[in-house]
Protein chains: 2
Amino acid sequence: MTGQRHDLGASFARLTRMMIDAETPILRAHEIEMWDYTVLSALESAAAPTQAELAAAVHRDKTRLIPILDRLESRRLLSRTPDPTDRRNRVVALTDEGRAVLASCRVDIRAMEAEFLASVPPAKRRTFIEVLNQLADLTAPGRSQSDDRE
Amino acid sequence: MTGQRHDLGASFARLTRMMIDAETPILRAHEIEMWDYTVLSALESAAAPTQAELAAAVHRDKTRLIPILDRLESRRLLSRTPDPTDRRNRVVALTDEGRAVLASCRVDIRAMEAEFLASVPPAKRRTFIEVLNQLADLTAPGRSQSDDRE
DNA sequence: TATTGTTATACTCTATAACTATA
DNA sequence: TATAGTTATAGAGTATAACAATA
């Protein structure tokens, strides 16, 4: 613990704010909001079997998620279909159009990220991203541990 | 841009949340809140010549900063003294007691951070922290650039 | 009776605009 | 008149609790 000038929390918070500032105009150009993008991203790898599960994945409670889902569903970016097994559940899935919007946002965001990281030498950049992903996955790889408060 | 599994923003946001969750009980043990700690930290290297400047440094507007300053001043952790040059200004500075509280919080937070980073090999850890600090300082080293929105 | 999704209510937080004092 | 700090008001966001449908 030598040259650690800032608290990790302070650095992460500042970088989060910087990325939000950089992503907001990009997403606006694609006519979606930050939370829309978060939800679409959460559905990319697999559909959510339950709205409550999706809410936990994006760290919102199920109540606050509903208006977001309403908006995205009305724009045909995702679908809510009752689970035949248990008709109380609604499985949330990306539509083809939703997947396309997500992909085009992703392209622009990746470009922004590349520019943001441009000043970092490639080797260090790779290490940074590797460690970043490792740490970010520490408690929430598949929500296996006690990540359910909230 | 190869193995970059998550958006940078998503990773930073998750890590920020993890650090807040880890710091909150530590700060509570020292009987201060997150924003108290942020403000005290901002005053560590130098006193703030103006409340407005301090507010900008911690990314709050001057209005929302006031209750925090009131609380910290009443606990004698910082002082607000009128600037003789321009008596409208109040220069905000750490008291000895404030500096002591900050230092003891810092010890516990550093220990938490060390544990958090324990799974990362030392060389990678050093690189990670180096790049992290470099990136976090990109736009806000001394608030030299246009960091004044908000 | 318990649970999923939904809606409604109360509460907190945030943003904006006045107000006081200095300049 | 303009600015620093403060206070007050209005608005947005969040949390909690009730509700309907299904199990």
Side-chain angles (χ1 to χ4, degrees), chain A residues 13 16-17 20-21 24 27-28 32-39 42-43 46-74 77-94 143 147-150, chain B residues 13 16-17 20-21 24 27-28 32-39 42-43 46-75 77-93 143 147-150:
Chain A
T16 300
R17 199 163 33 225
I20 289 176
D21 290 346
T24 300
L27 296 178
R28 182 157 43 220
I32 67 175
E33 301 177 17
M34 184 63 71
W35 276 110
D36 298 339
Y37 179 71
T38 302
V39 167
L43 296 171
T50 277
Q51 291 187 188
E53 205 159 306
L54 177 59
V58 299
H59 290 273
R60 306 222 92 182
D61 66 54
K62 54 178 185 170
T63 298
R64 294 184 287 169
L65 182 63
I66 291 174
I68 302 171
L69 295 181
D70 290 345
R71 176 173 58 236
L72 292 172
E73 188 183 31
S74 74
L77 301 184
L78 56 78
S79 61
R80 285 192 277 194
T81 57
D83 176 3
T85 304
D86 183 342
R87 298 224 312 287
R88 291 174 303 184
N89 298 341
R90 306 181 74 176
V91 21
V92 186
L94 245 41
R143 275 181 305 295
D147 189 33
D148 308 274
R149 69 239 134 110
E150 184 177 18
Chain B
T16 300
R17 200 162 35 225
I20 289 175
D21 290 346
T24 299
L27 296 178
R28 182 156 44 220
I32 66 175
E33 299 176 18
M34 184 63 70
W35 276 111
D36 298 339
Y37 179 71
T38 303
V39 168
L43 297 172
T50 277
Q51 290 188 190
E53 205 160 305
L54 177 59
V58 300
H59 289 273
R60 309 223 89 183
D61 65 54
K62 54 179 186 170
T63 298
R64 293 185 286 168
L65 183 63
I66 291 175
I68 302 170
L69 294 181
D70 289 345
R71 176 172 57 236
L72 291 172
E73 188 182 31
S74 74
R75 292 185 52 190
L77 301 184
L78 57 78
S79 61
R80 286 192 278 195
T81 57
D83 176 4
T85 304
D86 183 342
R87 298 223 314 286
R88 293 174 302 184
N89 297 341
R90 306 181 74 176
V91 22
V92 186
R143 274 181 308 293
D147 187 34
D148 309 275
R149 67 234 138 117
E150 186 178 16

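Just so we're clear, the structure is a prediction, and the values are computed from it rather than from any experiment. Lettering of chains follows the sequences in order, A, B, ..., and the numbering in each one begins at 1.
When rounded to the nearest whole Å, the span between CZ of A:R64 and P of C:dC11 equals 18 Å. Note: CG (A:L69) to P (C:dT4) measures 16 Å, nearest angstrom. The separation between A:W35 atom CH2 and D:dA12 atom C1' is 16 Å, rounded to whole Å. Nucleotide C:dG5 holds its C1' atom 13 Å from the CG atom of A:L54, rounded to whole Å. Taking atom CZ of A:R90 as the reference point, atom P of C:dT3 lies 20 Å away to the nearest angstrom. For the pair B:I68 CD1 and C:dT14 C1', the interatomic distance rounds to 12 Å; values are reported in whole Å. In this structure, the CG atom of B:L65 is 15 Å from the C1' atom of D:dT7, given to the nearest Å. B:I66 has its CD1 atom 16 Å from the P atom of D:dT9, to the nearest Å.
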Inset, instruction - Would you mind building the protein contact string for nucleotides 16-23 of chain C? One character per nucleotide, 5' to 3', B for base within reach (heavy atoms under 4.0 Å), S for sugar-phosphate only, - for untouched. - result: BB----BS
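Regarding contacts with the backbone of C:dT6, a side-chain N or O of A:R80 is found under 4.0 angstrom from either OP1 or OP2. A sub-4.0 Å separation between OP1 or OP2 of C:dA15 and a side-chain N or O of B:R60 is absent.
Applying the side chain to side chain contact (heavy atoms under 4.5 Å, CB included) rule to B:A52 yields the partners B:T50; only residues at least two apart in sequence or on another chain are considered. Residues forming a side-chain hydrogen bond (donor to acceptor under 3.5 Å, both in side chains) with B:R71 (at least two apart in sequence, or on another chain): B:D36. Contacts of B:T24 classified as side chain to side chain contact (heavy atoms under 4.5 Å, CB included), with partners at least two apart in sequence or in another chain: B:I20, B:R28, B:M34. Residues satisfying the side-chain hydrogen bond (donor to acceptor under 3.5 Å, both in side chains) test with A:E73, not counting sequence neighbours, are A:R80. Considering only residues two or more places apart in sequence or on other chains, B:T16 meets the side-chain hydrogen bond (donor to acceptor under 3.5 Å, both in side chains) condition with A:T16.
The shortest distance between side-chain heavy atoms of A:I68 and A:V58 does not fall below 4.5 Å.
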